[in-house]
Amino acid sequence: MERIIQEPDAPEPEATRRDADVTESSRANRGWWDRNADEYQIEHGTFLGDDRFVWGPEGLDEVEAELLGPPEELKGKDVLEIGAGAAQCSRWLAAQGARPVALDLSHRQLQHALRIQEGAAGRVPLVEADAGALPFADGSFDLACSAYGALPFVADPVRVLRDVRRVLRPGGRFVFSVTHPIRWAFPDEPGPEGLSVAASYFDRTPYVEQDEEGRAVYVEHHRTVGDRVRDVVAGGFRLVDLVEPEWPAWNTQEWGGWSPLRGNLIPGTAIFVCERD
């Protein structure tokens, strides 16, 4: 579980493990990202860049990974980015000649996308919507992608996957990255204290931060590797690959519970490469 930034001057929320349904999770995470988008972009904007496609804190770049396919084959493709944040990945896709649409739940994150786009040669269409209710017609896209967007935060991932499948054309590919499930068994600490198992890997109870009245202000949902695979299949996809990026020598940064120390010992990110038959 990974809460990257705490809202300044706000009372410390209570961290707990409890159930949180689709509605509560969506409301809490929309509010959290709206409140914290500014600090998130300040802290991580340099690493993410304005037009890079990075799959996670390890720094795996789509230029090298080619999980959506060779860059030269992206030209002319309609691509949906889900949980786009400031739309950095979408701008990279546009530079390859693709036709991306960047979707996010957070209005403030999309305002940062507009800020970055000011003065840019091309504009990426931005859509504010929930990943579980995509406002697009069936078969609108050739590809879909999500770099730590939506899937870690939704209570019903199969609902999201089915809707992504709906808007993809036959043969379309959906690639998404999430916190690696094994990390839920370890404390969310980048140093040595984060190297000892502290919780059950099999406990699917959501991680919730709640205010003094018990209202969730942040929710993250845990799925085991097996759960994720079953979700992909239940969503109507075929799993093509499961990528676990290794920590590269050049990356010396710490990002929440991610760090070179932990990254050289346990995986921090899981990337699921799926295709719609």
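The shown structure was predicted, so the numbers you read here are calculated from the model rather than taken from an experiment. Along the sequence shown, residues carry numbers from 1.
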Practice problem: Could you list the residues that satisfy salt bridge (charged side-chain N to carboxylate O under 4.0 Å, His left out) with Arg276, not counting sequence neighbours? | Solution: none

Quiz item: Mind checking whether Pro13 and Asp211 have side chains closer than 4.5 Å, heavy atoms only?
Solution: no

Quiz prompt | Non-hydrogen side-chain atoms of Glu73 and Glu66 separated by less than 4.5 Å | solution = no

Quiz item: Could you state the interatomic distance from CG (Asp38) to CD (Glu43), rounded to the nearest 0.5 Å?
Solution: 13.0 Å

Quiz item: Can you tell me if Arg91 uses its side chain to pair, donor with acceptor, with the backbone of Asp50 under 3.5 Å?
Solution: yes

Quiz item: Which heavy-atom pair separates Val219 from Ala20 by the least distance, and what is that distance?
Solution: CG1-CB, 3.8 Å

Practice problem: Given side-chain hydrogen bond (donor to acceptor under 3.5 Å, both in side chains), test Gln41 with Arg115 step by step and report yes or no. | Solution: CA-CA 11 Å; Gln41 294 300 331; Arg115 170 184 59 81; 4.9 Å; no

Quiz item: With a 4.5 Å limit on heavy-atom distance, are the side chains of Arg162 and Arg165 in contact?
Solution: no

Quiz item: Between the side chain of Glu62 and the main-chain N/O of Leu67, is any donor-acceptor distance below 3.5 Å?
Solution: yes

Quiz item: Would you say Arg262's side chain and Gly257's backbone share a donor-acceptor pair under 3.5 angstrom?
Solution: yes

Practice problem: List, by chain and then residue number, the residues other than Val158 in its hydrophobic cluster (Ile/Leu/Val/Met/Phe/Trp/Tyr, side-chain heavy atoms under 4.5 Å); write none if there are no others. | Solution: none

Quiz item: Can you tell if the side chain of Glu220 reaches within under 4.5 Å of the side chain of Asn29, non-hydrogen atoms only?
Solution: no

Practice problem: Give a yes or no on whether Leu48 and Trp250 share a hydrophobic cluster (residues Ile, Leu, Val, Met, Phe, Trp, Tyr; joining criterion: side-chain heavy atoms under 4.5 Å apart). | Solution: yes

Quiz prompt | Whether Trp33 and Tyr40 hold their rings parallel, tilted or perpendicular, with breakpoints at 30° and 60° | solution = perpendicular

Exercise. Please test Val164 against Phe237 for side chain to side chain contact (heavy atoms under 4.5 Å, CB included), starting from the C-alpha separation and ending with a verdict.
Key: CA-CA 10 Å; Val164 174; Phe237 285 96; 4.1 Å; yes

Quiz item: Under 3.5 Å, side chain of Ser90 to main-chain N/O of Pro100, donor-acceptor pair present?
Solution: no

Quiz prompt | NE2-NE2 distance between His112 and His107, expressed to the nearest 0.5 angstrom | solution = 10.5 Å

Quiz prompt | Neighbour count above 12 (heavy atom, 6.0 Å) for Glu246 CD | solution = no

Quiz item: For Asp227, what residues pass the salt bridge (charged side-chain N to carboxylate O under 4.0 Å, His left out) criterion, not counting sequence neighbours?
Solution: Arg204, Arg230

Practice problem: State whether the side chain of Asp104 and the backbone N or O of Gly85 hold a donor-acceptor pair below 3.5 Å, judged by distance alone. | Solution: yes

Quiz prompt | For the student: nearest non-hydrogen atoms of Phe47 and Pro57, plus distance | solution = CZ-O, 3.6 Å

Self-check item: Validation row: Leu60, Thr269 side chains within 4.5 angstrom (heavy atoms)
Solution: no

Quiz item: Looking only at heavy atoms, what is the nearest atom pair of Pro157 and Arg228, with distance?
Solution: CB-NH1, 4.1 Å

Quiz item: Are the side chain of Glu275 and the backbone of Val240 linked by a donor-acceptor contact shorter than 3.5 Å?
Solution: no

Quiz prompt | Val175 reachable from Val229 in the ILVMFWY side-chain graph, under 4.5 Å edges | solution = no

Practice problem: Flag the pair Gln96 / Lys77 as yes when at least one side-chain heavy-atom distance between them is below 4.5 Å, and no otherwise. | Solution: no

Exercise. Heavy atoms only: give me the nearest Pro190-Leu261 pair and the separation to one decimal.
Key: O-CD2, 3.9 Å

Practice problem: Answer whether the closest heavy-atom distance between the side chains of Pro206 and Asp19 falls below 4.5 Å. | Solution: yes

Quiz prompt | Linked, directly or transitively: Leu105 and Leu151 (ILVMFWY side chains, under 4.5 Å) | solution = no

Quiz prompt | For the student: nearest non-hydrogen atoms of Cys145 and Leu93, plus distance | solution = SG-CD1, 4.1 Å

Practice problem: Check for a donor-acceptor pair, side chain of Asp21 on one end and backbone N or O of Ala155 on the other, with a separation under 3.5 Å. | Solution: no

Quiz item: Is the number of heavy atoms from other residues, nucleotides or ligands within 6.0 Å of CD (Glu212) greater than 12?
Solution: no

Quiz item: What residues, two or more places apart in sequence or in another chain, satisfy salt bridge (charged side-chain N to carboxylate O under 4.0 Å, His left out) together with Asp61?
Solution: Arg52

Quiz prompt | Leu103 to Ala129 - nearest heavy-atom pair and separation | solution = CD2-O, 3.5 Å

Quiz item: Is the backbone of Asp203 close enough, under 3.5 Å, to the side chain of Arg17 for a donor and an acceptor to pair up by distance?
Solution: yes

Quiz item: Any side-chain heavy atom of Ile182 within less than 4.5 Å of one from Pro267?
Solution: yes

Self-check item: Under the ring pair (Phe, Tyr, Trp, His ring centres under 6.0 Å) test, residues paired with Phe176 that sit two or more places apart
Solution: Phe174, Phe272

Quiz item: Is there a donor-acceptor contact under 3.5 Å from the side chain of Asp241 to the main chain of Val273?
Solution: no

Quiz prompt | Same apolar cluster: Tyr218 and Tyr148, side chain cutoff 4.5 Å | solution = yes

Quiz item: According to a 4.5 Å side-chain heavy-atom criterion applied to Ile, Leu, Val, Met, Phe, Trp and Tyr, with indirect links allowed, do Val63 and Leu74 form part of one hydrophobic cluster?
Solution: yes

Self-check item: Spacing of NE2 belonging to His221 relative to CG belonging to Asp156, to within rounding of 0.5 Å
Solution: 9.5 Å

Quiz item: Within the distance-only criterion (no hydrogens, no angle test), does the side chain of Trp32 pair as donor or acceptor with the backbone N or O of Asn36 below 3.5 angstrom?
Solution: no

Quiz prompt | side-chain contact (heavy atoms from CB on, under 4.5 Å), paired with Arg173, selected from Leu143, Leu168, Val79 | solution = Leu143

Quiz item: With under 30° as parallel and over 60° as perpendicular, where do the rings of Trp184 and His222 fit, or are they tilted in between?
Solution: parallel

Please tabulate, for the side chains in residues 193-201, all donor-acceptor contacts under 3.5 angstrom to protein atoms that are two or more places apart in sequence or on a different chain.
{"from": "Ser200", "atom 1": "OG", "to": "Phe202", "atom 2": "N", "distance (Å)": "3.1"}
{"from": "Tyr201", "atom 1": "OH", "to": "Val225", "atom 2": "N", "distance (Å)": "2.8"}

